[in-house]
Amino acid sequence: MLSVPYLREHREEAIAGLKKRGVEAAPLIDKVMALDDERKTQQQAHDGLLAEMNRLSKSIGQLYKEGKREEAEEKKAAVSALKEKASGLEAARKDTLLALQEVLEQIPNVPHETVAAGQSEEDNVLVREGELAAAPNQKKPHWDIAKDLDILDFELGNVLTGSGFPVFRGKGARLQRALISYFLDQAQEQGYEEVMPPLLVNADSAYATGQLPDKEGQMYTITEDQLYLIPTAEVPITNIYRGRLLEESDLPRKHVGYTPCFRREAGSYGKDVRGLNRVHQFDKVEIVQLVHPEHSYQVLEDMVSYVESLVQSLELPYRIVRLCGGDLGFTSALTYDFEVYAAAQDKWLEVSSVSNFEDFQSQRLNCRFRDDNKKKHLVHTLNGSALALPRIMAALLENHQDSHGIVVPEVLRPYTGFDRI
RNA sequence: GGAGAGGUGGCCGAGCGGUCGAAGGCGCACGCCUGGAAAGCGUGUAUACCCUAACCGGGUAUCGCGGGUUCGAAUCCCGCUCUCUCCGCCA
């Protein structure tokens, strides 16, 4: 979330920026200021009272030592009286703090200056486009080819779990694993440290990366233990740094992780749900960086280039768009989406989202670094899918098909052990 | 899951209910010393928020977390949590 000092010092900038999201921020910011002022006043009163009580209590000890019992008893009564007053003040202060928190949680991140105003994906800006390869001579949707080749079973998933839980099998499963290994190996070459995090996280973690409270309905919940299935590896990986104080020389921290991701996708029934286009459990390799604020936008571009190189290496037609204000995630300041073209469906499928959150996440994460002067600053966090598997699989099947089956891209062959399906 | 032991500052380690944000040591920083270094000596060395022009000074809170007792708690009581040891169960 945004910090109060930021909102104080950059009020107009924040209002203008948030307008690009269609958010009317002025009333919210005013409320933040008012609550913060109230909080300060209350703290002053409360602290003063406590100081008085502390002074008296100390003197009581002294009085007892000197044997002045009566005087001590008098003071005891005085402190007791103050105590009641103090607890009232404290309750009020807590309420104010909670109210302040609540308002802050409603304010999304301020979009970067390059973000266009806009309401939906219609307003996203095309950044660049890969070459469109020659269309395959056969155009079966991936769910049909997959069935023909017996590499993917949607019906079986229905039996085991429910819709949106496909079962990969045979060469399909092998291809899936090849993609994961390939993506992990590539990221390691770029200096990302691999991690295998837990797939369940607690509420603190979900809160720090912004899944709670805004996106609670999107996560599967283990109510008995108050845990959440991760919707993305971003959550556990970023939370490695929750509450941490780093040295400037520790930066950047670069991590890559493969995890299954679980999403309820509530409210999206009927929208592009065929085949692998939208599923409840999917595999994804995620890259995460924590960097010095001065470098975060350079790093964002680097991450975009890296993801682009992955998509290119898979010989898929792609395009990169810069999300407009309205399409931007709550916590992001700037996001690039990667879409690949699925030839048979004649559709663009989102396969990666690369974002700079600036210090919006680290504020909640409370992850800072210390510079040479021992001053502490919030780090900037970034992440990106590199890549999300199902739609990559869909695009591979649709774009690399011929009448005999599927041609496996060159880079994956060392991993699959076969060049055709 | 059961039994026991324990969680104190960057680390180690003291701490009777009162003047303890916390002895001492190590480490670290700066200074002195030295041709230079080591040793030695000296000084300093937690975090957050509030007051303040101030990274000077002052206030409040923090000794795993949360409650309670008390005029006053690192010190007493209760709950939780984590670590270690033993037992049970188990991929």
Side-chain angles (χ1 to χ4, degrees), chain A residues 1-9 32-105 196-208 222-228 236 239-251 253 259-260 359 361-379:
Chain A
M1 69 191 149
L2 298 169
S3 71
V4 177
Y6 168 81
L7 289 172
R8 266 189 203 288
E9 287 160 36
V32 167
M33 303 304 178
L35 285 166
D36 190 51
D37 288 341
E38 194 180 338
R39 182 200 120 246
K40 285 182 187 175
T41 312
Q42 287 171 331
Q43 177 168 349
Q44 280 172 51
H46 187 231
D47 283 358
L49 217 53
L50 289 180
E52 177 66 16
M53 286 161 60
N54 284 340
R55 251 198 312 281
L56 283 172
S57 290
K58 270 184 193 173
S59 68
I60 290 172
Q62 195 56 38
L63 288 173
Y64 270 120
K65 262 184 199 162
E66 293 165 10
K68 300 178 180 165
R69 290 198 78 101
E70 270 176 40
E71 229 176 295
E73 293 299 330
E74 262 171 48
K75 289 201 172 181
K76 272 194 198 179
V79 178
S80 293
L82 287 178
K83 201 175 173 184
E84 214 164 298
K85 219 164 141 190
S87 71
L89 274 176
E90 188 176 6
R93 212 198 45 172
K94 274 188 182 164
D95 286 347
T96 306
L97 219 51
L98 259 149
L100 176 60
Q101 185 83 356
E102 218 168 272
V103 181
L104 282 171
E105 280 168 3
M196 283 195 112
L199 307 182
L200 270 59
V201 295
N202 58 30
D204 285 344
S205 291
Y207 176 78
I222 314 284
T223 46
E224 193 173 0
D225 299 293
Q226 289 170 323
L227 296 173
Y228 300 86
N239 271 281
I240 291 172
Y241 295 96
R242 173 147 49 83
R244 289 271 294 272
L245 178 63
L246 303 169
E247 296 303 325
E248 189 168 354
S249 58
D250 292 334
L251 300 176
R253 307 300 308 159
T259 68
D359 62 14
Q361 279 185 333
S362 57
Q363 175 82 23
R364 285 197 198 179
L365 256 193
N366 187 24
C367 175
R368 296 165 302 165
F369 71 92
R370 187 155 53 178
D371 67 21
D372 290 343
N373 301 317
K374 300 260 181 190
K375 277 229 172 190
K376 297 180 180 75
H377 313 271
L378 291 166
V379 302

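All values derive from a computational prediction rather than experimental measurement. Letters A, B, ... are given to chains in the order of the sequence lines, protein chains preceding strands, and every chain is numbered from 1.
The partner of B:rC41, taking Watson-Crick or G-U wobble pairs whose two distances both stay under 3.5 Å, is B:rG31. In this entry B:rC55 has no Watson-Crick or G-U wobble partner, no candidate having both defining distances under 3.5 Å. Pairing for B:rG72 is absent, judged as Watson-Crick or G-U wobble with the two contacts each under 3.5 Å. When both pairing distances are held under 3.5 Å, B:rG24 makes a Watson-Crick or G-U pair with B:rC12. Using N1 to N3 plus N6-O4 or O6-N4 for Watson-Crick, or N1-O2 and O6-N3 for G-U wobble, each under 3.5 Å, B:rG6 pairs with B:rC82. When both pairing distances are held under 3.5 Å, B:rG36 makes no Watson-Crick or G-U pair with any nucleotide shown. Applying the Watson-Crick and G-U wobble criteria (two distances, each under 3.5 Å), B:rG88 pairs with nothing in any strand. In a base pair of the Watson-Crick type (N1 to N3 plus N6-O4 or O6-N4) or a G-U wobble (N1-O2 and O6-N3), with each distance short of 3.5 Å, B:rU60 is matched with B:rA48.
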(request) Dump the intermediate steps for side-chain hydrogen bond (donor to acceptor under 3.5 Å, both in side chains) on A:D47 and A:Q43, then the final yes or no. (result) CA-CA 6 Å; A:D47 283 358; A:Q43 177 168 349; 3.2 Å; yes
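Both A:G61 and A:N54 lie close to RNA chain B; mapped to their nearest nucleotides by heavy-atom distance, the more 5′-ward contact belongs to A:G61. The residue among A:D36 and A:S59 whose nearest nucleotide of RNA chain B is located toward the 5' end is A:S59.
Residue A:K83 places at least one side-chain N or O under 4.0 Å from the OP1 or OP2 atom of B:rG72. In this model, the phosphate group of B:rC50 is approached by a side-chain N or O of A:R39 to a distance below 4.0 Å at OP1 or OP2. Contact check, A:Q43 against B:rC49: no side-chain N or O comes under 4.0 Å of OP1 or OP2. Side-chain nitrogen and oxygen atoms of A:K58 include none within less than 4.0 Å of the OP1 or OP2 phosphate oxygen of B:rC71.
The side chain to side chain contact (heavy atoms under 4.5 Å, CB included) test with A:N239 is passed by exactly one of A:D204, A:V201, A:L365, A:N202: A:L365.
A:K40 comes within 4.0 angstrom of the backbone, heavy atoms only, and of no base.
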Determine all donor-acceptor pairs shorter than 3.5 Å in which one atom belongs to a side chain in residues 88-99 of chain A; sequence neighbours excluded.
| residue | atom | partner | partner atom | Å |
| --- | --- | --- | --- | --- |
| A:T96 | OG1 | A:Q42 | OE1 | 2.6 |
| A:T96 | OG1 | A:Q42 | NE2 | 3.3 |
| A:T96 | OG1 | A:A92 | O | 2.9 |

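For A:H46 and B:rG59, the NE2 to P distance is 17 Å, given to the nearest whole Å.
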